[in-house]
Visitor: 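Quick one: the structure is below, questions incoming.
Letters go in sequence order (proteins before strands), and every chain restarts at 1.
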Amino acid sequence: MNNYNRHLITAALPYANGPVHIGHLAGVYVPADIYARYMRLRGRDVLFICGSDEHGVPITIKARQLGVTPQDVVDKYHLIIKDSFERLGISFDIYSRTSSATHHKTAADFFKKLYNEGQFIEKTSEQYYDTEAQQFLADRYITGTCPKCGNENAYGDQCEKCGSTLSPNELINPRSTISGAQPILRETSHWYLPLDQHEAWLRQWILEEHKEWKVNVYGQCKSWLDGGLQPRAVSRDLDWGVPVPVEGAEGKVLYVWFDAPIGYISNTIELRPDDWKKWWQQEDTKLVHFIGKDNIVFHCIVFPAMLKAHGDYILPENVPANEFLNLEGDKISTSRNWAVWLHEYLDEFPGKEDVLRYVLCANAPETKDNDFTWKDFQTRNNSELVAVFGNFVNRAVVLTQKYFAGKVPPLKGLNDYDKSILAELPVLKQAIEDNIEHYRFREALKEVMNIARLGNKYLADTEPWKLAKTDMDRVSTILNISLQLCASCAIAFGPFLPFTAQKLRYMLGESSAEWDKLACSDILPEGHTLNEATLLFDKIEDETVQTQVDKLNNTKAANLAAQKPACEPQKPACSFDDFMKMDIRTATVLEAERVPKTDKLLKLKIDTGMDTRTIVSGIAEYYSPEQMLGQQICILANLEPRKIKGIESQGMILMAKETNGKMRFIRPEETLGNGATVS
RNA sequence: GGCGAGGUAGCUCAGCUGGUUAGAGCGCAGGAUUCAUAAUCCUGAGGUCGCGGGUUCGGGUCCCGCUCUCGCUACCA
C-alpha cells in the first residue's frame, strides 16, 4: 500500500426502492467503513464514496403502484437510507444520489465521449410499443401469459409463478400495464457496449494480474470470460433516467447499469469539484470497490470495460465482494419482509449501533453465506462485548479509581511477565493490519478482541487486588499496563466500533486515537486523570431478542397466510368453437425415459389409438419413467409439434396442477380404449 | 445438465503456495478466583476434516469420480 498516495473507496450504491437491511450492511457497508476508517487512522488520504442508485424500471413501477412520481419514491428512500447510514456511523465522505444534476451531466458526458469515439455499436431491434401511451415498454411493463406455466400475469422478463426467465416476445397475449392495450412491435435502435471487444485485456488484467482477488470474485470472472462476453445495451426506451445525449434519441435513457457506477465518479466530483480527477485518473490512487456477490460481474468486467473504453480512468485494484447473509436460516427478502431493517434496528436498539456493527463483522459472510440469528446477536453481545471487552475496561478503570483516585499510576519496574504481555501487543497490531489490508475483517476483529482477552488474563494472573494489601508498587505497575492495554483497545476498536472507541477514549481522559500509538506502553502518561467509569455495553436480555424473534415469526405467519394458494383466477371466456378445435384423446404410455441432460423432461412413446407417437413432457420432477409406464393418460393430440431438446414432441399430456406446483396427470375413471375423444 | 462457491468439533467459522500430536470463539464438564455487568482465568471432553478412488515418502490441503447445500444459467406446448 506504500505505492499509493490516496485511497478511493467505493461502496455499492444502494437501490433507492427500499430501506437498507443487515444483509447490505454485512456484505458491503460495514466492511467498507472499517477499511475507510482504518486507512484514515493510518494517515492515508481517503475518499469514501457512496450514494443512492435512483434510476431503473423497478422504481418507476413502484411509483406507478403508489400513484406518485419516481422522484417521490427515490426522495423518500434516499433520505431513509442516508439517515440510517449516518446513524450507524458509516463514514462516507459523501452520500449523494444519481438523480443529481452533477450525476446527469457526468453520465451524459461519459456516454458522449464513448459515443464520439465509436466505442459503441448501434443495433436495431423490434420491441413492444404502447400506441396509446405512446412509448416503448420495458420488460417489466409488459404482462401476459407465461408460455411455460400458463400464469396469466407473467412479466416480460420473468414469470414469478414458475420462476423462469422470459423475454417479452415469448409472452402469449402481451398487454401493456400502462394502458392495458395490446402493444405492437416497433423498431427501435440502441447502443451497445461491445464487451466482446474488451475480452482480451480483461482476461489478462483479471486472470493474470489479479490472481489475489477473492476466490469467489476470481471464479465468477473466469466463468464469465470463459463463456465469452456479449455486447450489452447501454440505452433503453424509458422516461426515467439520464437522457441519452445524442440527437434523435428522444425517449431514450442510459440503461441503469451504465449510469449507476458512474455515480461513484459524479459523487466524487460533487465532493471535490476541483481535484476529483487526481482521484480517478492518476495511477497512484488505489481504487477499491466494496460490493456484494451479485455485483461482481458489473464491477469486475462491465464497469472496468467502460472505464477502459473511456480511456482516462484508472481501474480498481481490488473488488472485495462478500457473499450473502441469511436471517434465521432463510434468505433475506425485501418483498417477503424477511429482514432486519437498519432504520428499525436503530430505533429499537438506541445506543447499540456498535453491537450491530460488531455482530455483522464478527459473522460477516466473507467466504460463504452466513446466518444472522438473534440468539447469536445476544451471545456475542453478552459473552464477547460485555464479558470480555467491557468487563476488562471496567476492571482496569474501577481498580484505578479505587487504588489511585482515578489517576494513571506510574510504572515501577517491569518483570518478565509484564514484558511478555507488552511484547504481545505489536504482534497483535501486525495481525490486525495484515488482516484489514487483505480485507479479512472478521479475523482482524478477532485479533482486536484478543487485546482485551490479553488484559483479562493479565489481571487474573497478577491479581492486583490481592497485592494491594502488601505491594502497592506492583499494583501501580500492573494497573498502568492494564490501562495502556485499554488505551490500545480504544485505538484498535476505532475502525470497528467507532462509538464505543470514542466513549472509551473519553473514559480514559481523552486518550489518543492515533493508530501509530497502538501497542505502545506509554499511551497514557503517568498522572493522567481518568473520567468516571461507565459501562461500555449492557447485557441483552432474553426478552429483548425474543421480541425480535416473535416479530420475525409473525412475518413468517403472515407470509404463509398470504401465500395460501387460492385457485388460479378463471381465464377469459372461450367460445365453444375454440374448445372444439382441441382434439383431446386417451392414450397409453408404451415407453418412458429421461431426456439426458435435463432435470424435468421425460420422453414418452404413447399409443393414441390412431398411431404411436412421441411426446416430451416436463414432468420428471413428479413422475419417474417407471411410474408412467403403462399408464393411461389424456393428451392434446392436435397440438402443433414442437422440438424440445432436439426431440419432436407430438402433443401434450394433460396435467392437473395445484398452485403450489404439485402436478398429476389426468386419466379416465375407468380404463378405456386408446383414442377415445374427450370433451 | 452447465458454471461458480461451499460441505472441518454440539453451534458459528479459521486452516495461505501439501509436512511434526487438525485450530479459534461460543456452548459443555471440572477446578481457581472475587477487582469486575455471576463477569474472569486455568484444565478437560469432543472431529474417520461430505463419500470413494488416485498422485506422493507424506493430503482437510493437489487430481478424478460421486453426493448434499447455496447462487447464476439451460430444458418445461
Visitor: Say we look at rG7(B) and rU61(B): how far apart would their C1' atoms be, to the nearest angstrom?
Guide: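 Per the computed distance, 15 Å lies between those C1' atoms.
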Visitor: What is the distance, to the nearest angstrom, from the CZ atom on Phe389(A) to the C1' atom on rG25(B)?
Guide: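 It is 17 Å, rounded to the nearest whole Å.
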Visitor: Say we look at rC62(B) and rU20(B): how far apart would their P atoms be, to the nearest angstrom?
Guide: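 The same atom, P, in both gives a distance of 16 Å.
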Visitor: Calculate the interatomic distance between Trp374(A) atom CH2 and rU12(B) atom P; express it in whole Å.
Guide: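 Atom-to-atom, Trp374(A) to rU12(B), this comes out as 19 Å.
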Visitor: Report which part of the nucleic acid Ser617(A) touches: base, sugar-phosphate, or nothing (heavy-atom distance under 4.0 Å, all strands).
Guide: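 Contact class for Ser617(A): sugar-phosphate only.
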Visitor: Please report, rounded to the nearest Å, how far the C1' atom of rU69(B) is from the CG atom of Asn326(A).
Guide: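 Atom-to-atom, Asn326(A) to rU69(B), this comes out as 11 Å.
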Visitor: With a 3.5 angstrom cut-off on both distances, give the Watson-Crick or G-U wobble partner of rC62(B), or none if there isn't one.
Guide: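 Pair assignment: rC62(B) / rG54(B).
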Visitor: Taking the side chain as C-beta and beyond, is there a heavy-atom pair between Asn381(A) and Tyr358(A) under 4.5 Å?
Guide: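 Side chain of Asn381(A) against side chain of Tyr358(A), heavy atoms only: no contact under 4.5 Å found.
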Visitor: Quick one: does Leu425(A)'s side chain get under 4.5 Å of Ile451(A)'s, heavy atoms only?
Guide: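 Side-chain contact under 4.5 Å: yes.
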Visitor: Does OP1 or OP2 of rG4(B) have a side-chain N or O of Lys293(A) closer than 4.0 Å?
Guide: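 No, outside the criterion.
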Visitor: If rG18(B) has a Watson-Crick or G-U wobble mate with both distances under 3.5 Å, name it; if not, just say none.
Guide: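 Because no pair has both required distances under 3.5 Å, rG18(B) counts as unpaired.
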Visitor: Roughly how far apart, to the nearest Å, are rC49(B) and rA22(B) at atom C1'?
Guide: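 Pairwise C1' distance, rC49(B) against rA22(B), rounds to 8 Å.
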Visitor: Taking rG50(B) as the reference, what is the distance to rG10(B) when you measure between their P atoms (whole Å, please)?
Guide: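 Comparing P positions in rG10(B) and rG50(B) gives a spacing of 13 Å.
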Visitor: Using a 90° cut-off around 0 for syn, call rG60(B) syn or anti.
Guide: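 Syn for rG60(B); the angle stays within 90° of 0.
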Visitor: In terms of the nearest nucleotide of RNA chain B, which residue is placed more toward the 5' end: Ala387(A) or Lys331(A)?
Guide: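 Result of the comparison: Ala387(A).
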Visitor: Considering only the P atoms, how many Å lie between rU73(B) and rG54(B), rounded to the nearest integer?
Guide: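 It comes out at 39 Å once rounded to the nearest Å.
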Visitor: Classify the angle between the aromatic ring planes of Tyr439(A) and Phe290(A) as parallel (below 30°), tilted (30 to 60°) or perpendicular (above 60°).
Guide: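 It falls in the perpendicular class, over 60°.
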Visitor: Within this structure, what is the CD-to-P distance between Glu443(A) and rU12(B), rounded to whole angstrom?
Guide: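 The answer, rounded to whole Å, is 18 Å.
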Visitor: Could you tell me which nucleotide pairs with rG25(B) by Watson-Crick or G-U wobble geometry, both distances under 3.5 Å, or answer none if nothing does?
Guide: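 rG25(B) is paired, partner rC11(B).
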Visitor: What's the closest nucleotide to the Glu323(A) side chain, out of rU12(B), rA24(B), rA5(B)?
Guide: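 Nearest listed nucleotide: rA5(B).
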Visitor: Suppose you measure atom P in rC3(B) against the same atom in rG59(B); what distance do you get, rounded to whole Å?
Guide: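 Nearest-Å result for rC3(B) against rG59(B) at atom P: 29 Å.
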Visitor: According to the Watson-Crick and G-U wobble definitions, with both distances under 3.5 Å, which nucleotide is paired to rC35(B)?
Guide: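 WC or wobble partner does not exist here.
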Visitor: Paired with rC72(B) by Watson-Crick or G-U wobble geometry, both distances under 3.5 Å: which nucleotide is it?
Guide: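 With both distances under 3.5 Å, rC72(B) matches rG2(B).
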Visitor: Within the 4.0 Å limit for protein heavy atoms, which parts of nucleotides 29-37 of chain B are touched? Write it as a string from 5' to 3', B for base, S for sugar-phosphate only, - for none.
Guide: ----SSBBB
Visitor: What is the separation between atom CE on Met449(A) and atom C1' on rA39(B), rounded to the nearest whole Å?
Guide: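 Value for this atom pair: 13 Å.
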Visitor: Give one of base, sugar-phosphate or nothing for Val393(A), where a contact means two heavy atoms less than 4.0 Å apart.
Guide: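 No contact.
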Visitor: Begin from the C-alpha positions of Phe441(A) and Phe496(A) and carry the test ring-ring contact (aromatic ring centres under 6.0 Å, His included) through to its verdict.
Guide: CA-CA 9 Å; Phe441(A) 304 102; Phe496(A) 300 88; 7.4 Å; no
Visitor: Determine: side-chain N/O of Arg453(A) to OP1/OP2 of rC42(B), distance under 4.0 Å, yes or no.
Guide: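 No, because none of the side-chain N or O atoms of Arg453(A) sits under 4.0 Å from OP1 or OP2 of rC42(B).
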Visitor: Assign Arg442(A) to base, sugar-phosphate, or nothing according to its heavy-atom contacts below 4.0 angstrom with the strands shown.
Guide: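 Touches sugar-phosphate only.
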Visitor: Could you work out the separation of rA74(B) and rG27(B) based on their C1' atoms and round it to a whole Å?
Guide: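 Pairwise C1' distance, rA74(B) against rG27(B), rounds to 45 Å.
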Visitor: Will you find, in the side chains of Arg442(A) and Asn435(A), an N or O donor that is under 3.5 Å from an N or O acceptor?
Guide: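 Short answer, no.
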Visitor: Does Lys352(A) form a salt bridge (charged side-chain N to carboxylate O under 4.0 Å, His left out) with Asp354(A)? I'd like the steps, not just the answer.
Guide: CA-CA 5 Å; Lys352(A) 295 201 188 305; Asp354(A) 279 348; over 6 Å; no
Visitor: Just the rounded figure in Å: distance from P of rG6(B) to CZ of Phe324(A).
Guide: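 It is 15 Å, rounded to the nearest whole Å.
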Visitor: Kindly assign one of parallel, tilted or perpendicular to the pair Phe377(A) and Phe349(A), based on the angle between their ring planes and the thresholds 30° and 60°.
Guide: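 If you compare the ring of Phe377(A) with that of Phe349(A), the planes turn out perpendicular.
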Visitor: Write down the distance between NZ (Lys457(A)) and C1' (rA39(B)), rounded to a whole number of angstrom.
Guide: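 Going from Lys457(A) (NZ) to rA39(B) (C1'), I get 17 Å.
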Visitor: Return the set of residues passing side-chain hydrogen bond (donor to acceptor under 3.5 Å, both in side chains) with His299(A) (not counting sequence neighbours), or none when no residue passes.
Guide: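 His299(A) satisfies side-chain hydrogen bond (donor to acceptor under 3.5 Å, both in side chains) with Tyr264(A) once adjacent residues are dropped.
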Visitor: If I pick the C1' atom on rC16(B) and the same atom on rG60(B), what distance separates them, to the nearest angstrom?
Guide: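 My reading of the C1' atoms in rG60(B) and rC16(B) gives 14 Å.
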Visitor: Flag the pair Lys429(A) and Glu433(A) as a salt bridge only when some basic side-chain nitrogen lies within less than 4.0 angstrom of an acidic carboxylate oxygen.
Guide: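 Yes, Lys429(A) and Glu433(A) are salt-bridged.
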Visitor: Without decimals, in angstroms, what is the distance between Asn450(A) CG and rC26(B) P?
Guide: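 Checked: the CG to P distance equals 10 Å.
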